[in-house]
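Read the structure below first, then the notes.
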Amino acid sequence: MTTVEFLYRCPTENIASALTLRPDKIIFIGNKSDKRENIYTRFIKSKSPSTKTEFIYTDTSDLYNLIDILSGIVKNDTQITFDLTGGEDLLLTAMGVMVERFKNITVQRFNINQNRLISWQNGEKTEKDTNASLSVEEQITLHGGMIIKNTADEIILNKHTAPVIDALWSVFKRDKHYNTNVKLLQRALKLDRDGRDLVADISIPEFESSERDDRTSDWLIEFLQFLKEGQIVDSLNVTTQSIKFSFKSGTAKELLEKSGNILEMMVYKTAATLKNDNGVPHYTDLMRSVIIDWDGKVGSNKTGDTKNEIDCIFMKNLVPVFISCKGGDIEEAELYKLDAVANRFGGKYAKRVLISTNHGKDEIAAAYFRKRTEDMNITLLENVHLLTEGEFLNMIKELV
């Protein structure tokens, strides 16, 4: 069986046949400016090694030229399916002529949002669900980028680390100064005299001399008490001269390395545990702290090499969700970064989501900020730390 794809702006539409039909051959037709042979050929080989590919570049502004090309393909192949999921207007117009001329050809259209395939042959319509899906890495690669692995920033989610995330999330929800306190803790740890990985011994006089405000040691002690109550640290011992404590686990220490880690990990953890009624994971793939190289060529270190980090990217079959998690003040530039990355690597089907706690804006600024997110088609979810567990879960489930 041969399928024909019409090259257009959206890579997800262009590889619909490779994901749903596994044909013997795929013929891509498009304008000469649509050259993506290497990306599509590598992707198709990874999905269906036996599928061959052919690329026909032509003038897509010449209707009769397109009709001649399509007619030639039909005459040379008896089993052929034309995919109408993407394509320029005149290519689709030419297909209307083809359907009229050749009654036995099959045409199909893929509903990417619903993951359903609709096909027509001899006037009969059939429709079915598919299991087509892309991984986060495949999504980025198809759009010409590359994910840079960063194991140093990776917090593994498993049955041992999940309770630690929940415990620190409880601290986060009750501590209004969490972000500031985490930064305070990190400054204190730079003065650690113990040297062991999970144990800290901090001189109070040395710490106070390095801080502008003489109340910082009291704030640090109060935060550590919060963490002890939450079973994030233990063996907390405070004297007039020192603060000694130990982290309960390596995960606890890693989560506290950056103030944004806990919101990001809670979003990721919730999404990872979500299942549909039939027990199938709600999201088909997930990644956090995703560093994307824009040109897909890592290692050149050349000036101007564009990279961006996105807090979380989820895939629901073929629909990507780009998520920015912010636990404090949000600059308007964050919206433009999120929008730019989602446009470049998500295309027309990408969802853009900004998940925040207290964004630090007064009511006038907040109203303007909300309008800006609406205009940019970004879903803004505010004050998520005030949600119950069930509300938080439903929020993540309803992202797509």
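None of these values were measured; they are calculated from a predicted model.
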Let's go through Glu211 and Arg187 carefully: what are the C-alpha distance in whole Å and the side-chain angles of both, what is the deciding distance for salt bridge (charged side-chain N to carboxylate O under 4.0 Å, His left out) to 0.1 Å, and is it a yes or a no? CA-CA 9 Å; Glu211 296 290 324; Arg187 293 203 299 271; 2.9 Å; yes

Would you please test Lys244 and Asp194 for salt bridge (charged side-chain N to carboxylate O under 4.0 Å, His left out) and show each step? CA-CA 9 Å; Lys244 297 179 182 179; Asp194 186 279; over 6 Å; no

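- Closest approach of Ala167 and Gly230 over heavy atoms only: CB-O, 3.4 Å.
- Scanning all heavy atoms of the two residues, the minimum distance from Arg22 to Ser48 falls at CD-CB, 3.6 Å.
- For the pairing with Ile243, the side-chain contact (heavy atoms from CB on, under 4.5 Å) check across Asn237, Leu236, Leu191 returns one residue only, Leu236.
- Taking all atoms of both residues into account, the shortest heavy-atom contact from Asn14 to Leu7 is OD1-CA, 3.6 Å.
- With sequence neighbours left out, the side-chain hydrogen bond (donor to acceptor under 3.5 Å, both in side chains) criterion links Glu13 to Lys348, Tyr349.
- A donor-acceptor pair shorter than 3.5 Å cannot be found between the side chains of Thr81 and Gln108.
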Worked verdict on Glu264 versus Lys258 for salt bridge (charged side-chain N to carboxylate O under 4.0 Å, His left out): CA-CA 10 Å; Glu264 185 180 311; Lys258 293 191 298 186; 5.8 Å; no

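- For the pair Phe6 and Asp83, the tightest heavy-atom approach, listed with the atom from each and the gap, is CD1-O, 3.9 Å.
- Ring geometry, Trp169 versus Phe172: the interplanar angle falls under 30°, so the pair is classed parallel (tilted spans 30 to 60°).
- Between Phe55 and Tyr40, the ring planes lie parallel to each other; the angle is under 30°, not in the 30° to 60° tilted range.
- The environment of Lys176 atom NZ is sparse: at most 12 non-hydrogen atoms of other residues, nucleotides or ligands sit within 6.0 angstrom.
- The shortest non-hydrogen separation linking Val319 to Ile112 is CG2-O, 3.9 Å.
- With no hydrogens or angles considered, a side-chain donor-acceptor pair links Thr106 and Gln121 at under 3.5 Å.
- A side-chain donor from one of Asp234 and Ser246 sits under 3.5 Å from a side-chain acceptor of the other.
- Across all non-hydrogen atoms, the minimal contact from Thr251 to Ile155 is CG2-CG2, 4.1 Å.
- A donor and an acceptor atom, one from each side chain of Asn181 and Trp219, are nowhere located under 3.5 Å apart.
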